[in-house]
Amino acid sequence: MNLQEMSYREALREAMREEMQRDPAVWLLGEDIGVYGGSFKVTLGLLDEFGERRVRETPISESAIIGTAAGSAMTGLRPVAEMMFSDFITLGMDALVNHAAKFRYMSNGQVQIPMVVRLPSGSGTGAGAQHSQSLEAWFCNVPGLKVCAPSTPAQAKGLLKSAIRDNNPVVFIEYKTLYDTRGLVPQEDNYIIPLEESYIERRGSDITVVSWGPALLETIKAVRMLAQEGISCEIINPLTLYPMDMDPIFESVKKTSRLVIVHDSQKTGGVGGEIAARVAENDCFNYLDSPIVRIGGLDTPVPVAENLERQMVPDAGVIADGIYTALGLD
Amino acid sequence: MNLQEMSYREALREAMREEMQRDPAVWLLGEDIGVYGGSFKVTLGLLDEFGERRVRETPISESAIIGTAAGSAMTGLRPVAEMMFSDFITLGMDALVNHAAKFRYMSNGQVQIPMVVRLPSGSGTGAGAQHSQSLEAWFCNVPGLKVCAPSTPAQAKGLLKSAIRDNNPVVFIEYKTLYDTRGLVPQEDNYIIPLEESYIERRGSDITVVSWGPALLETIKAVRMLAQEGISCEIINPLTLYPMDMDPIFESVKKTSRLVIVHDSQKTGGVGGEIAARVAENDCFNYLDSPIVRIGGLDTPVPVAENLERQMVPDAGVIADGIYTALGLD
Amino acid sequence: MNLTTEELSQLYYRMLQARHFEETLEDLFHRRVLHGTTHLGIGQEAAGVGAAFAALKQGDLTILTHRGHNETIGLGADLTMLMGEMFGRSGGCSGGKGGSMHFIDLEHGNYGETGVVGGAYPLACGMAFTQQYNETGKAVLCVGGDGSVNEGNFHESLNLASVWKLPVVFFIENNLYSMSTPLEKEMNIINISDRSQSYGIPGITIDGNDVVEVYEIVRKALDYARSGEGPFLIEALTYRQCGHSKSDRQIYRSEQEVENWKKEDPIPRFAEYLIEHGLAEEGDLYRLERRAYEDVKVALAAAKEMPVPNDDSVYTDVYAE
Amino acid sequence: MNLTTEELSQLYYRMLQARHFEETLEDLFHRRVLHGTTHLGIGQEAAGVGAAFAALKQGDLTILTHRGHNETIGLGADLTMLMGEMFGRSGGCSGGKGGSMHFIDLEHGNYGETGVVGGAYPLACGMAFTQQYNETGKAVLCVGGDGSVNEGNFHESLNLASVWKLPVVFFIENNLYSMSTPLEKEMNIINISDRSQSYGIPGITIDGNDVVEVYEIVRKALDYARSGEGPFLIEALTYRQCGHSKSDRQIYRSEQEVENWKKEDPIPRFAEYLIEHGLAEEGDLYRLERRAYEDVKVALAAAKEMPVPNDDSVYTDVYAE
Ligand SMILES: Cc1ncc(C[n+]2csc(CCOP(=O)(O)OP(=O)(O)O)c2C)c(N)n1
Ligand SMILES: Cc1ncc(C[n+]2csc(CCOP(=O)(O)OP(=O)(O)O)c2C)c(N)n1
Ligand SMILES: [Mg+2]
Ligand SMILES: [Mg+2]
């Protein structure tokens, strides 16, 4: 396999570039995505490469961005819309939820809405309560939407390419603190990661840990530490948060009998709860040896002060503690 | 106790009337809430009684409605805003989530936002995918908000009065199919139902059933049927969905060892998942004798055709089946 | 005038189809034969049918609001399919899933209604963007009501359409009310078309009860938009003679006001015009009226015979493959 | 003119405080001493300070946007508290939770910033509603940028304020850019103040680099609003001499353009004006500048000494009791 090292940011850009080259129906829209390259520089250079016809800067009008994307998708194009920060999708929820997610169903399948909404998410940048949310749980409660959340550059590329090719509206959660992280990314033309397939990041036998986003990187750290102590953790990354491929999780829990779920977004009402519920209502409940341990972000808005913000999301230490708890080792 | 029979709609109106009489800072805003009385006639007559100063009709501008409510709350008033249908809060999510829910925290407690947003929710009226949602799960993922969901006229009155007196933004879920249901409602001036206290609707010993909204009425039907067969169900209604008072649920599960959760809104990503997760991560997990059974609305948009729409939400039969399953009787 | 005698007859015929269709619906909802709700445009047929007819002629695309029967019929929809949808039947144009507020009829370029006020504006921008992007030479007709122009979506969409020079005509049917709210409580200006100035685009207020005027202006506006000049805002003054939706007792306006507007009913007005200008004879018009009436009767009978959707279809088409 | 010599000095002094405060921030962020981000209004001091000063004089309320230091300082905020907030310290005006984008300073009627573009507009309506409801005789100053006027919130709020005749002045600092986007890509009109016509309210475009003009017009507009006439829209033309936020390399505009605008720098312009009109002497101005400079130095030193917030304070004030 032809691999190249690059950042998560570059991998996303490469996915868009390749899909734009492949399919003339793909176009980009968003605020300052041209010369400026977007607030996080993800689209940098794409205006030069593809021109103003396909890389469209918009006024600050989030509802119009999402609705315009949906209308163009309904008529045959494949828009990729960027919200400058995920928090601003609050301004586009009607277009996304009442229109993009529902037009296919309401029309009995006569239209489809192949579009992607990219959402730079998460805390950790000192940007405060209105620029740091991860709202994925909302979208995982909206039938008609799909939700992706890549954690590595390779996943970012492979999932974004699939999302662009998918014939449904896909909410694509990107993590601001991952943009600079680097990794090897396949260069094959046909490299994609299919949606709705969970991925086993690491095999193990003592306990199942489900995680994604920046929390996954901390989980991996924690699991490496624990490996030194002879604890063997299986890590599953759902990749697509909705609809979620639960089978690998069920199988793993049946094998390990213990489950820890870790994510950065607020714990209460978060996607972790849904996973815990799915396990607790499944027959793999009968295999569980101890309560499920769910670790999430604090149930507070995100503060600016560094020492406060740092507490928002779980780190490797907290995760290791959670794993000990699930193993009955605390 | 002085009780009077009235509808859920009338009970809500009575709550607003009493609080407006009690506190001159309370005012109402929304579309067509005056002469027309709102789409569901909940505010009918209040314009006559309190005049245009306190009952304010707005243009069709949901974001402005929520934001104006928040701004007035920040400066000392107690607005009660109506969304004509819950689905339109999608247009006010920025004002609600990024502003109303966060200004207190961001200001380190220097301002408070005592406001209520009333959301006529749910399917069952043939109004289609864009007028039938129950979006409560979203708000239960937003620290800073509280979420109420009354199921009877007495609850509607008692909770709405508390919500209006509360010093936080409260999302008040009303159910369209409950507006015409009737029940006895206390007439005492000081009658309120405190927020964040779950209520045991019925005592029982064999199984715990958590439910709210129209689903609760179906749950009660199912439980009555099962009582004839000697099955004793304990029914708990959280009343406040966020932050939720879990202790009565934990205690009940420890007693019955079995848990069923029932709600009308979409199952996946719904509030039921959070409850299941809270139980599965609590030490009452160790008391559970069988997998948790979670029953929710279908994971689809709401269709118009009657035979399709009817399937959206669980009825007593489905609920009874779920209870049998949890009891290992299926 | 750009309309042939044949086309004028068509217009008249479709206005009558729309009128009979809606009067039939009104009765069905009144008698609770039908589930759900509906928004009728009785009295607004000149605006709805006239505008739709203009879009249809060049194969343009249309997107509608909650009160979309007139336009849908103006575009030439099959009444049986429409009526089937009202009954929530499998043979309805949305398979029974959409109902009165979510018609769709792609065959006639009709991308359907949205039940969310203002929700169509950004969709229309996107639809128009596709035309521009693919250089199809087509334009988009986006219909809205007077109440919808106070939604943020109106503002964002007209601004975006102007900056991007999108081929879209925003056609506002000003029926003086947003549900129970009279215009002066919705906004502090007289002419909605004046809002075009905020976007640097042309705007015009026209007599929305004059179907020929509506047709002519919408056609010109669509051509303007298609030519690359960008969006156009039209305000058509009209009146809803019926209630807002099935449960409206109309206590917010006087009977006198309604009666006065009935004198401006666009259908007799058009009939008079046709006869006065020697474009039709009374007999012709009578025959068209009978035909329209029959069409609705046939549609109604057919709809009633349609099976309800398969129960399992509740699960289909949530997602595309 | 409505300003005493003493007040003119105050204005000049606060503009300099703002300038030094922001230049200090720019340096701190550059050197990565500070966490998070900031939006500086260097070059926009006449607009921000002038408008705020007008609101302050009558005890009016203010609500701000992400670029809110100038106004906050114009209202007379304590620089130490502000600087503390920039450092995310417990003694900051929001206890370290708000940062540069979420200042608040209730003592001076300053309800703070929102980091969401356009988010302040409906809040301002609500704040103004309270004044109307309680007949306080106060008005609200709501600050926005040129980019924000394309948000749906701008439209809905100005319309609502007009229909309800709310005492609020919408003050738009048009600095010709929305981040990297030049005005002509944001909208297809020249004067933002023309949008007032959509709401039937007065609108005016003024020289936003002339602090006396800003002050005078804002004062009059607030009085107009307070008198019961309803909202007023002001567009103040100005220029952001610095980058949009800490990471902006400003490749979207020419250095020449920036240099040209620096010649319009409102601070030297005001100094010249004061001297020419015999309202101050060079020595006075120099002393004010030194004082402002010292203030910031003192604030910086004090902020650095402040303890970070108690770790547990992350949990407090999510809810009121
Ligand atoms: C976003 C939104 N808010 C409120 C409603 C409820 N509603 C349906 S129609 C209507 C009035 C619309 O008025 P107008 O735009 O003038 O259209 P008309 O009904 O007069 O045709 C309202 C408030 C809605 N469907 N969507
Ligand atoms: C709703 C929303 N969209 C986008 C942003 C990101 N953003 C922050 S400032 C800004 C530009 C604002 O331009 P303008 O209103 O002219 O104010 P200026 O920055 O020039 O002071 C943008 C796009 C935001 N904060 N909020
Ligand atoms: Mg109307
Ligand atoms: Mg600007």
Side-chain angles (χ1 to χ4, degrees), chain B residues 24-27 29 52-54 56-79 81 91-92 94-115 142-146 166-170 195-196 243, chain D residues 61 63 85 90 92-99 101-107 111-116 118-134 136 138 140 142 151-153 155-164 166 168 309 313-314 316-321:
Chain B
V26 179
W27 67 290
L29 73 167
E52 289 204 2
R53 175 168 169 268
R54 298 183 70 189
R56 287 285 183 128
E57 293 194 291
T58 68
I60 318 185
S61 304
E62 284 77 10
S63 189
I65 291 172
I66 304 296
T68 297
S72 87
M74 220 157 77
T75 43
L77 301 186
R78 292 187 174 272
L91 291 156
D94 168 58
L96 182 65
V97 172
N98 290 335
H99 294 87
K102 295 196 173 39
F103 253 66
R104 180 183 180 81
Y105 191 81
M106 295 194 309
S107 72
N108 205 28
Q110 292 175 78
V111 295
Q112 62 185 27
I113 318 271
M115 65 185 268
V142 181
L145 297 182
K146 294 185 179 182
D166 200 87
N167 286 330
N168 297 287
V170 180
L195 301 190
E196 298 174 64
Chain D
L61 288 70
I63 184 145
E85 192 56 37
S90 56
C93 56
S94 304
K97 282 179 177 162
M101 256 193 297
H102 311 290
F103 274 173
I104 189 163
D105 183 21
L106 291 183
E107 193 191 327
Y111 278 76
E113 301 172 298
T114 169
V116 182
Y121 295 122
L123 296 180
C125 287
M127 291 163 62
F129 177 79
T130 301
Q131 311 317 310
Q132 185 186 67
Y133 188 86
N134 288 337
T136 64
K138 293 185 179 182
V140 174
C142 174
E151 283 283 6
N153 269 326
H155 181 65
E156 295 189 4
S157 302
L158 270 75
N159 186 61
L160 184 78
S162 173
V163 174
W164 288 10
L166 297 176
V168 50
S313 74
V314 70
T316 55
D317 286 310
V318 180
Y319 293 99
E321 289 313 301

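Numbered from 1 within each chain, the chains take letters A, B, ... in sequence-line order.
The shortest distance between side-chain heavy atoms of Pro122(D) and Ile66(B) does not fall below 4.5 Å. Within the 4.5 Å cutoff, the side chain of Asn108(B) has no heavy atoms near those of the Ile104(D) side chain. Inter-residue side-chain proximity for Val140(D) and Thr75(B) is flagged as unmet; no heavy-atom pair is nearer than 4.5 Å. Between Arg104(B) and Tyr319(D), the closest side-chain pair of non-hydrogen atoms is not below 4.5 Å.
Within the 4.5 angstrom heavy-atom criterion, only backbone atoms of Leu145(B) (N, CA, C, O) approach chain D. Within the 4.5 angstrom heavy-atom criterion, only backbone atoms of Glu62(B) (N, CA, C, O) approach chain D. For Ala95(B), no part lies near chain D; criterion is any non-hydrogen pair under 4.5 Å. For a residue to count as touching a neighbouring chain, one of its non-hydrogen atoms must lie under 4.5 Å from one of that chain's; by this rule Glu57(B) touches chain D with the backbone only. Neither the backbone nor the side chain of Leu166(D) comes within contact range of chain B, judged by heavy atoms closer than 4.5 Å. For Glu113(D), the part lying under 4.5 angstrom from a heavy atom of chain B is the backbone only. Using a 4.5 Å cut-off between heavy atoms, Glu85(D) does not touch chain B at all. When heavy atoms are compared at a cutoff of 4.5 Å, Gln110(B) approaches chain D by way of both its backbone and its side chain. For chain D, no part of Ala100(B) is nearby; none of its heavy atoms comes within less than 4.5 Å. Only the backbone of Pro24(B) comes within contact range of chain D, with at least one heavy atom under 4.5 Å from a heavy atom of that chain.
Of the inter-residue distances, the one linking Leu77(B) atom CG with Gln131(D) atom CD reads 8.5 Å to the nearest 0.5 angstrom. How far CG of Asn134(D) is from OG of Ser72(B): 10.0 Å, rounded to the nearest 0.5 Å.
The candidate with the highest count of non-hydrogen atom pairs below 4.5 Å against chain D, out of Met74(B), Arg54(B), Arg56(B), is Arg56(B). Most heavy-atom pairs under 4.5 Å with chain D, from the set Gly144(B), Pro79(B), Gly109(B): that is Gly144(B). Annotation: maximal heavy-atom pairing with chain B below 4.5 Å, among Gly152(D), Gly119(D), Ser157(D), Gly98(D), occurs at Gly119(D). The choice from Ala73(B), Ser107(B), Ala70(B), Ala25(B) that makes the most heavy-atom pairs within less than 4.5 Å of chain D is Ser107(B). Chain D forms more heavy-atom pairs under 4.5 Å with one residue of Gln112(B), Lys146(B), Met106(B) than with any other, namely Met106(B). Comparing Thr68(B), Leu29(B), Asp94(B) by how many heavy-atom pairs each has under 4.5 Å with chain D, the most go to Thr68(B).
Glu156(D) places a side-chain N or O within 3.5 Å of a backbone atom of Ser63(B) that can act as its donor or acceptor partner. At least one donor-acceptor pair closer than 3.5 Å links the side chain of Tyr105(B) to the backbone N or O of Val314(D).
In this pair, Trp164(D) and Trp27(B) present their aromatic rings perpendicular. The plane angle is above 60°, beyond the 30 to 60° band.
The two residues Gly71(B) and Thr130(D) come nearest to each other via the heavy atoms O-OG1, 4.4 Å. Closest of all the heavy-atom pairs between Glu321(D) and Asn167(B) is O-ND2, 3.5 Å. Looking at every heavy atom in both residues, Leu123(D) comes nearest to His99(B) through CD1-CD2, 3.7 Å. Nearest heavy atoms, Pro59(B) versus Leu160(D): CD-CD1, 3.3 Å.
In this view, His155(D) and Phe154(C), His155(C), Arg195(C), Tyr199(C), Tyr199(D) satisfy the side chain to side chain contact (heavy atoms under 4.5 Å, CB included) rule, not counting sequence neighbours. Here Arg78(B) pairs with Asp23(B) under the salt bridge (charged side-chain N to carboxylate O under 4.0 Å, His left out) rule; sequence neighbours left out.
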